[in-house]
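Have a look at the structure below, then the notes.
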Amino acid sequence: MQPDITALQKELEVVKNNLTKSYKDQQSATKLLIRRDIELSRANEKLMELDSAKMEFISVAAHQLRTPLSAIKWILSMLINKEFSTAEENAEFLNKAAESCDRMIYLVNDLLSADHIDSGKEQFVFADVNPKSLIDQLLQDTAPLRIKRSISLDYKIDKDCTVVGDIEKLRALFQNLFENALKYTLQKGTVTVRIGQGVGDTHNMGHVMFKDSGIGIPKDQQINMFSKFFRGRNAMKVDTTGSGLGLYICKQIAERHGGKLWFESEENQGSTFHVLIPLSKNNQSAL
Ligand code: ADP
């Protein structure tokens, strides 16, 4: 009996199609595997980077805590061995120990805030906020320090506004920038504070500016300003207590609001920090 050529050809065609399909399936599975492999390698690299950042964070934090802790230990052992000869000397060194404790509390608070922000644990509760009321309060609270250092204040509201923000986070952000302005301005300097609105592309943002006539930031160090633990050479001479975490936290806060934080500075001339935070709809419709 003659084989049915047409039927065989059809069968062959089906086998060929099946083979082509499995070849294509296999090719796309290979591509998928290669893509997954690349993704896994990238995720692994990212994890290694995070791990080394975490280790560096712990190492720098431990070093920063060691200085005040050693000072306290040294003062305590002097007290135990009755090495201070007068009551005044006693009081003076106890005050120094208390200052070291304050420094550690300040540092630990900054470390916790930076860690909360990094790990996404920090909750942001957004509502309408009036920057002016926050800044009025801040200026009032810091007036004794400002007056003690004979620093003049130039405060003006170019335009009152309402932004969308987490009130406590914005308070911390403004406080950090204002306290830095006071801290890094020498006696009899001036700190300028302005509240207004952005212009051009940023017209839908509230704008707060802190300008000082202080020590400024050396040009070659400006690139590091928002890095964790960064402290300028000149700043360390003026103030030995900083953690170098404040600006890092401020930048994260501004960005979590969909806003921006940046600065301009000239060494020995002063610095200007700008914050932009999105305006509330209530504010925009009132314009
Ligand atoms: P800290 O003030 O605790 O050192 P910050 O993160 O707030 O930490 O600031 C980091 C560094 O940025 C400071 O050590 C200082 O070198 C620089 N800096 C911040 N604000 C100013 C300012 N207004 N004028 C000059 N330098 C500043």
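Residue indices begin at 1 and follow the sequence shown. One-based numbering, in listed order, for ligands and for the atoms of each.
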Show which atoms of ligand 1 fall inside a sub-4.0 Å distance from at least one heavy-atom site of [X].
{"X": "Gly232", "answer": "14 (O), 15 (C), 16 (O)"}
{"X": "Asn176", "answer": "7 (O)"}
{"X": "Gly244", "answer": "1 (P), 3 (O), 4 (O), 6 (O), 8 (O)"}
{"X": "Lys183", "answer": "1 (P), 2 (O), 3 (O)"}
{"X": "Ala235", "answer": "14 (O), 15 (C), 16 (O)"}

Looking at atom 6 (O) of ligand 1, what's its closest protein heavy atom, distance included?
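I find the closest protein heavy atom is Leu247 N, 2.7 Å.
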Do me a favour and list the nearest non-hydrogen protein atom to atom 4 (O) of ligand 1 with residue, atom name and distance?
Arg231 NE, 2.6 Å
Any N or O of [X] closer than 3.5 Å to N or O of ligand 1:
{"X": "Ile215", "result": "no"}
{"X": "Ser243", "result": "yes"}
{"X": "Gly242", "result": "no"}
{"X": "Met225", "result": "no"}
{"X": "Ile217", "result": "no"}
{"X": "Tyr248", "result": "no"}

State, to 0.1 Å, how close Gly196 and Asp158 come at their nearest heavy-atom pair, and which atoms those are.
CA-CB, 4.3 Å
Taking all heavy atoms of Thr190 and all of Thr185, pick out the closest pair and write down the distance.
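Shortest heavy-atom contact: N-CG2, 4.1 Å.
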Give the contacting part of Phe210 toward ligand 1: side chain, backbone, both or neither, where contact means a heavy-atom distance below 4.0 Å.
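Contact part for Phe210 vs ligand 1: neither.
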Using a 4.0 Å heavy-atom cut-off, say whether Leu245 meets ligand 1 through its side chain, its backbone, both or neither.
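It is the backbone that touches ligand 1; the side chain stays farther off.
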Given Asp136, Asn283, Asp160, the one that forms side-chain hydrogen bond (donor to acceptor under 3.5 Å, both in side chains) with Asn130
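Only one of Asp136, Asn283, Asp160 forms a side-chain hydrogen bond (donor to acceptor under 3.5 Å, both in side chains) with Asn130, namely Asp160.
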Using a 4.5 Å cut-off on heavy atoms from C-beta on, say whether the side chain of [Y] contacts that of [X].
{"X": "Phe229", "Y": "Tyr248", "value": "no"}
{"X": "Phe93", "Y": "Glu83", "value": "no"}
{"X": "Phe126", "Y": "His257", "value": "yes"}
{"X": "Thr162", "Y": "Asn282", "value": "no"}

Heavy atom of Gly216, distance to ligand 1 below 4.0 Å:
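Per 4.0 Å heavy-atom rule, Gly216 contacts ligand 1.
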Can you tell me if Phe273 has a non-hydrogen atom under 4.0 Å from ligand 1?
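Flag set, Phe273 near ligand 1.
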Any carboxylate oxygen within less than 4.0 angstrom of a Lys/Arg side-chain nitrogen, looking at Glu168 and Arg171?
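Salt bridge present between Glu168 and Arg171.
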Under 4.0 Å between a Lys/Arg side-chain N and an Asp/Glu carboxylate O for Arg256 and Glu122?
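No.
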Using the test side-chain hydrogen bond (donor to acceptor under 3.5 Å, both in side chains), find all partners of Arg149 that sit at least two apart in sequence or belong to another chain.
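Testing Arg149 for side-chain hydrogen bond (donor to acceptor under 3.5 Å, both in side chains), a comparison that skips the adjacent residues, returns none.
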Only counting residues at least two apart or in another chain, list the ones meeting ring pair (Phe, Tyr, Trp, His ring centres under 6.0 Å) with Tyr184.
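None.
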